[in-house]
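Start at 1 with the first residue, then count along the sequence.
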Amino acid sequence: MITVHLKYEIDPDKLEDFEEYGRRWVRLVDRFGGTHHGYFLPSEGDSDIAYALFSFPSLAAYERYRTDSASDPECQEAFELARATRCIKRYERRFLRPLEDVS
């Protein structure tokens, strides 16, 4: 399994736009065979940082998702929402793996 951790720097004045972006991607990742663990939005502390976590069974499955999502109309609409509203200033992507065999 591979888990993707995304850290977003967002425009706090465009939080509603970012929330809509997140709602779309939760559904899309699940549709492409992943498991979305959710978006985590600012509450206390930094007002411009948000996180997302989602997993795929393997790196190969994640790479298929990346390839297929590049030409999917719904994915392109989600990307365009972020571009048009400029709700995302920047993001960082990390790949994580779970700790196995915890007894």
Side-chain angles (χ1 to χ4, degrees):
M1 176 188 296
I2 188 94
T3 298
V4 181
H5 171 270
L6 289 162
K7 177 183 177 184
Y8 294 94
E9 181 182 341
I10 62 173
D11 183 335
D13 293 327
K14 298 180 180 177
L15 186 58
E16 287 182 19
D17 295 321
F18 182 76
E19 289 176 2
E20 176 59 26
Y21 173 84
R23 282 187 200 93
R24 292 181 187 198
W25 278 109
V26 167
R27 187 175 41 75
L28 289 166
V29 165
D30 291 345
R31 192 182 94 206
F32 279 93
T35 301
H36 210 295
H37 307 292
Y39 277 79
F40 302 87
L41 307 172
S43 179
E44 297 294 324
D46 296 330
S47 64
D48 63 345
I49 301 297
Y51 298 94
L53 288 164
F54 59 92
S55 299
F56 278 88
S58 66
L59 183 57
Y62 171 75
E63 289 172 348
R64 268 192 311 280
Y65 149 76
R66 293 280 293 172
T67 299
D68 294 346
S69 67
S71 61
D72 182 84
E74 284 186 84
C75 294
Q76 294 309 306
E77 287 175 13
F79 286 132
E80 183 55 32
L81 171 68
R83 279 191 292 270
T85 63
R86 303 179 77 105
C87 61
I88 300 171
K89 294 181 177 182
R90 63 183 296 275
Y91 67 92
E92 299 171 7
R93 181 182 300 131
R94 291 179 179 81
F95 297 92
L96 308 169
R97 62 178 176 77
L99 177 63
E100 302 287 344
D101 299 323
V102 178
S103 310

Return the orientation label for the Trp25 and Phe79 ring planes: parallel under 30°, perpendicular over 60°, tilted otherwise.
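Ring orientation of Trp25 relative to Phe79: tilted.
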
Tyr8 vs Tyr91 aromatic rings, parallel, tilted or perpendicular, using cut-offs 30° and 60°?
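Taking Tyr91 first and then Tyr8, their aromatic rings sit tilted (interplane angle of 30° to 60°).
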
Inter-residue atom distance Ile2.CD1 - Tyr62.OH, 0.5 Å rounding:
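It is 9.0 Å, given to the nearest 0.5 Å.
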
Could you tell me the separation between the CZ atom of Arg83 and the CD atom of Gln76, rounded to the nearest 0.5 Å?
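Here the rounded value is 6.5 Å.
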
Counting only heavy atoms not in Arg97, do more than 12 sit closer than 6.0 Å to its CZ atom?
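No - once you tally the heavy atoms of other residues, nucleotides and ligands closer than 6.0 Å, there are 12 at most.
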
How about Arg27: does its CZ atom have over 12 heavy atoms from other parts shown lying under 6.0 Å from it?
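Above 12, so yes.
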
Single-linkage hydrophobic cluster, 4.5 Å side-chain cutoff, Phe40 and Ile88 together
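Not linked; separate clusters.
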
Without placing hydrogens or testing angles, list every side-chain donor-acceptor pair under 3.5 Å for residues 48-56, not counting sequence neighbours.
from: Ser55; atom 1: OG; to: Thr3; atom 2: OG1; distance (Å): 2.7
from: Ser55; atom 1: OG; to: His37; atom 2: NE2; distance (Å): 2.7

According to the side-chain hydrogen bond (donor to acceptor under 3.5 Å, both in side chains) rule, which pairs have a member within residues 9-20, sequence neighbours left out?
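Listed once each, the pairs are Glu20-Arg24.
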
Does any part of the side chain of Cys87, heavy atoms only, come nearer than 4.5 Å to the side chain of Leu81, both counted from C-beta?
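Not touching, per the 4.5 Å side-chain cut-off.
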
Salt bridge (Lys or Arg N to Asp or Glu O under 4.0 Å) contacts touching residues 62-72 (sequence neighbours left out):
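Salt bridge (Lys or Arg N to Asp or Glu O under 4.0 Å) check on residues 62-72 returns Arg31-Asp72.
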
Mind listing the closest non-hydrogen atom pair of Pro57 and Ala61 along with its distance?
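Where Pro57 meets Ala61 most closely, the heavy atoms are CD-CB, 4.0 Å.
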
